[in-house]
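A short write-up of the structure that comes next.
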Amino acid sequence: MRMTTAEIREAFLEYFRTQNHEVLESSSLVPHNDPTLLFTNAGMNQFKDVFLGAEQRNYTRATTSQRCVRAGGKHNDLENVGYTARHHTFFEMLGNFSFGDYFKVDAIHFAWKFLTEELKLPKEKLCVTIYESDDEAYDIWLNQIGVAADNIIRIGDNKGAPYASDNFWQMGDTGPCGPCTEIFYDHGEHIWGGRPGTPEEDGDRFIEIWNIVFMQYNRQADGTMNPLPKPSVDTGMGLERIAAIMQGVHSNYEIDLFQSLIKQSAQLLNVSDLENNSLRVIADHIRSCAFLLADGVMPSNEGRGYVLRRIIRRAVRHGHKLGARAPFFHRLAPKLAELMGAAYNELNTQMPVITKVLKTEEEQFLRTVDRGLALLEEVLVDLDGDTIPGAKVFELYDTYGFPADLTADIAREREVKIDQQGFDDAMAAQRKRAQQASKFGVDYNEVLRIDAESEFSGYELTEQAAKVTAIYKEGESVQQLLEGEEGQVILDTTPFYAESGGQSGDRGELLMVDGAFSVTDTRKAGNAILHVGYVSGGEIHVGEELTAAIDENRRQAIKLNHTATHLLHAALRKVLGDHVTQKGSLVAADSLRFDFSHFEGLNIKTLRTIEKLVNDQIRANHDVATRLMNIDDAKEAGAMALFGEKYDDEVRVVGMGEFSTELCGGTHVNRTGDIGFFKIVSEGGIAAGVRRIEAITGQYAIEAMHQLGEQFDSLASMVKSDSHNLADRIRTMVERGRWLEKEVERLNAKLNAQAGASLADQAIEIGGVKVIVANLEGADPKSLRDTMDQLKNKLGSGIVVLAASKEGKVSLIAGVTKDMTGKVKAGELVNMVAQQVGGKGGGRPDMAQAGGTDVAAVPSALATVNDWLAQRL
C-alpha cells in the first residue's frame, strides 16, 4: 500500500487518537525552558518534566509528530548528511507516550497493530530486539503477538558497562531509565547487511523503524536501580524511514517529499542529474533552516545560531559546487511550505522572515567565499613546505565558513596538500565541545518535586484566606520558618500570580495572627504556586491559616502593561505584516518589553504609527473580555498563542474588541481605557531578525512626558529661547557652530602653511637626504597630515616625521617621498617611534600614521629618528 508522507503522518496520529491518546502539536525546535538541550531532538523532549515528575498534565496518554534537529551536540553527523540513505539534519519523529498509564503489553500491541494492520506491512519482513534480560517483553512478543522465537533478538551490555546497551535507555547518568524493544524492517537480500546483533548489523538491509522505551527504573548515583512507582512509555518512529518503506524505496531521499525538493533545487540550479549528492544536501538543509528560522533561531556566531549558520553555508556551498553564483537557497523555501505548510502552519506565517534571512545569509556567505579565497592565497604565499597545517584549514572552515574540500581542491592546483589528520583532530575537538550541550545537567534525584497543588484565585481576588500546605527551605521540606528565615510557602489557594508568559510574579504579604511572611516573588513548581520570601515577623507553620494579600498597586501597574503588550502585538502585525510573532516579553510594573520577529529596524514614522494605533485602541475603551475555551476552538476563532507558553485543553482567551485576540493566562485590566496612555521609549535589534520594543504606560508614561517637558524647558532656558522656538534656536546655533568650525579649519590651514614654511627651512641632511623631525604641540591629526603634505612638496625629495600631543594622546605621522621608499618605509619608521610612546601604527610606504599614550616620551622618541635613518641612508 503506497502512502504519501503526509498521509502516513495523519494516519499515525489518527490511530492513536482512537486509542484515547491526546493529539498534541509538535513543540518548538528550541526546547522550552531546557538549557541542557541545544535543539529538540526527540519526541519525548516536550514531556521531559512529566517523566521526571516535575510536571503533571491532565492526560496520561499523548501522541505527536515532533519536528527534530540533530546537527549539534553528540548527534552531530552534519558531514554525512546527503551522502548516506538516512542521515538528516531535520526529521519528524512519530511518537506515542504513556505517563504511568499503559506499559509493555499495550505499547507493543499498539506498535504491531499499526504496522501490520493499519500500514499492512508483511509480518515476515519484521524482526524485533529486546534487552537481554527483559523476559517480560520476550513473552509478549512470543506468546501474545506471535513473533517467531528466532525473530526476537536479545541485545546485551555490549559497551563494557552494566546497562550500557543499545537496548537500554537512560535519560542521564541518574534518573528514569529502562529497557527498549525495537522493530526492524528487512529491505531485502539485494541490500548488504545483517540482522541486529550480527557482525553485519551496520549494513543497510535491516533498518530500525520503531523504538519503544520502557521507563521502569530510577537509577541512583551509585548505580542502584529502584523501580519507578509509575512506569511509563516513550516511543518513536522516524517518519522518513517508514515513508521509504511505504513507497517501496530504500533511501529516505527517494520519498515523495525529498524528491519534490530535489527536483525544485535542480530546476533552480539548472542541474539535470537528480542523483547528485549536493541536491540531497540542499533538500535536507532547507528543512532544518526553514523550521529553525520559523521557531525564532537566527544565524549568529554562537550557540544555536552558529549551527544554523553552518547548515545554511553548507547548503550554499553545495549550490556553489553545482554552479550557483547568485543566491538561490531562499527560493526553495516556498516549495517547502507548499509541501509541509498544512501540517506546520508556522512555515506559512514566517515565510517573509525565512526567505529574507536566508537570502541575506547567502549574500554574506558568497562574499565570505571571496574573502576565504583571499585568505587562502595569503596562507599559500607564506607556506613553508608542501602542506597547509590542519589548524589553518580548520580556521578557514570554522571562522570563515570556507569548506575544507574547497581548500584541498585549491591546494592540489598549487601542487600542495592539506593536513587532513590535523583538520580531523580539530573537528573532533569541536564536536567534543559541542557534546556538552546535549547532556542533561541535573541529577534527577536532586530535582525538587512538589506534589502539592495550589488553586489560583487572582483573576477575581487580591486578598483571601488560605491555608499553608507545605514549606520549603533550601530545597528541603520543613514544618516551619522562624523570623528572618527565607523559604518558599505553598498555599491551598492564593491570589498571587506566579511568573509566567513574561508577566512578573506578584509581591505582597502572607499575614498570620502573630506575624507576617514577605513575598518577594511568586513562581510555579509543577501544579503548585511558590511564594518566595522571608519571615518578617513571628513564625509560619504548615497547616496555619492566614490571609494572602498581594501588592495591589504593583499588580494594577502590571495589568496595564500586560494588556498594552497585547495591543502592541496586534498593532505590529497590522503595520508590519502577519510574519510578526512574539519572541519573548517581560511585563513588569514600571515598563514592558516586547521581542518580535522582523528583519529590519523601524524608523520614527513607523514607530509613531504603531504608537498611535495602540493609543487609538486605548481611547476606544474596548471591553477586555476573557473566555474559557477549548484550545482547538480558540485557535479556530483566531486566537494567537504566545511564545514559549504551554497550554492545557481549556485555555483563557483574552479579546479586546476586534483588534486583538490571544491565548493568555495573565492578568489584565477590565477595559483598554484603563491603560490611560502608551509610550514607546526604545526600539532596536537584539539578534538577526529579532527586534525589541520597550514601552511604558499609565502613570509611568505620564511622568515620563512631564520629565521630557521639563528637559525641553531647561534646554530652552540654556539657549535663551522658549520651548515653542527651541528647534529654530538650536538649528541657528548648529549652523553657527559649523561656520565657526570651518573658520577654525581655515585659520589652522593658514597657520600650518606658515609653520610648514618655517619647518622646511629647518631641514637637515642625513646621508644626502633632507629630513624634518618636529613636535607640533596641540595640532590635531588633520593638521599633521596637511603640514606633512606641504613639507613633502617643499622638500621635493626627503623624509618627514611629525608628532603632536592633545588631551593625553599622541599623534604621529611619517611621510617619505616616493623616490626614497626603496630605502625607507614610512610604516616602519612611524612604528619605531610609536613603540616608544606606548602605541603602534602603520600604513603605506610613502605615508603612515600612529598613535600613543605616553606624552612625556615624545621628545626622546623623536630624538631617535635621526640615528635610525642614518643606519638606512
Side-chain angles (χ1 to χ4, degrees), residues 734-873:
V734 169
E735 292 173 352
R736 172 68 175 170
R738 288 173 180 166
W739 180 84
L740 289 173
E741 287 177 359
K742 291 181 179 179
E743 184 66 10
V744 169
E745 287 182 6
R746 186 184 67 81
L747 293 173
N748 278 338
K750 185 176 180 180
L751 290 172
N752 290 337
Q754 294 173 349
S758 173
L759 287 172
D761 295 336
Q762 300 174 25
I764 64 173
E765 286 194 8
I766 300 176
V769 178
K770 294 180 180 178
V771 176
I772 298 174
V773 180
N775 186 1
L776 305 181
E777 290 288 348
D780 56 40
K782 185 179 184 303
S783 298
L784 284 184
R785 287 194 299 273
D786 291 343
T787 303
M788 190 267 292
D789 288 338
Q790 293 175 21
L791 290 173
K792 283 173 64 178
N793 289 334
K794 285 183 176 293
L795 293 179
S797 176
I799 298 171
V800 179
V801 179
L802 301 177
S805 304
K806 191 174 185 180
E807 297 177 354
K809 294 182 180 180
V810 178
S811 296
L812 300 169
I813 191 167
V816 179
T817 56
K818 292 192 180 297
D819 62 310
M820 299 303 302
T821 55
K823 297 181 178 180
V824 175
K825 299 290 190 297
E828 295 176 359
L829 174 55
V830 81
N831 198 44
M832 182 275 298
V833 180
Q835 290 178 5
Q836 300 177 67
V837 295
K840 61 181 179 179
R844 302 192 311 268
D846 62 327
M847 194 280 285
Q849 294 176 273
T853 56
D854 190 350
V855 174
V858 171
S860 60
L862 292 179
T864 66
V865 172
N866 291 349
D867 290 340
W868 189 87
L869 289 175
Q871 297 175 17
R872 289 161 176 76
L873 297 176

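Using a 4.5 Å heavy-atom threshold, the side chains of Leu829 and Val865 count as touching. For the pair Leu776 and Thr787, the minimum side-chain heavy-atom distance is below 4.5 Å. At least one side-chain heavy atom of Leu873 sits under 4.5 Å from a side-chain heavy atom of Lys823.
Pairs passing the side chain to side chain donor-acceptor pair (under 3.5 Å) check and including a residue from residues 862-873, sequence neighbours excluded, read Gln836-Thr864.
Leu802 contributes atom CG, which lies 11.0 Å from atom OG of Ser811 (distance to the nearest 0.5 angstrom). In this structure, NZ in Lys770 is found 12.5 Å from CD1 in Ile764, a value given to the nearest 0.5 Å. If you take NZ on Lys809 and CG on Asp854, they are separated by 15.0 Å, rounding to the nearest 0.5 Å. Atom NZ of Lys825 sits about 14.5 Å away from atom CG of Asn831, to the nearest 0.5 Å. Separation of atoms CG (Leu791) and CD1 (Ile772) is listed at 4.5 Å; rounding is to 0.5 Å. In this structure, NZ on Lys818 lies 10.0 Å from CE on Met847, to the nearest 0.5 angstrom.
Nearest heavy atom pair, residue Ser797 against residue Thr817, reads CA-OG1, 3.5 Å. Nearest heavy atom pair, residue Ala763 against residue Leu795, reads CB-CD2, 4.1 Å. For the pair Ala850 and Val830, the tightest heavy-atom approach, listed with the atom from each and the gap, is CB-CG2, 3.8 Å. When every heavy atom of Gly851 is checked against every heavy atom of Ala834, the shortest pair comes out as O-CB, 4.2 Å. Smallest separation of non-hydrogen atoms from Ala803 and Leu862: CB-CD1, 3.9 Å. Scanning both residues, Asp846 and Lys792, for their nearest heavy atoms gives O-NZ, 3.3 Å.
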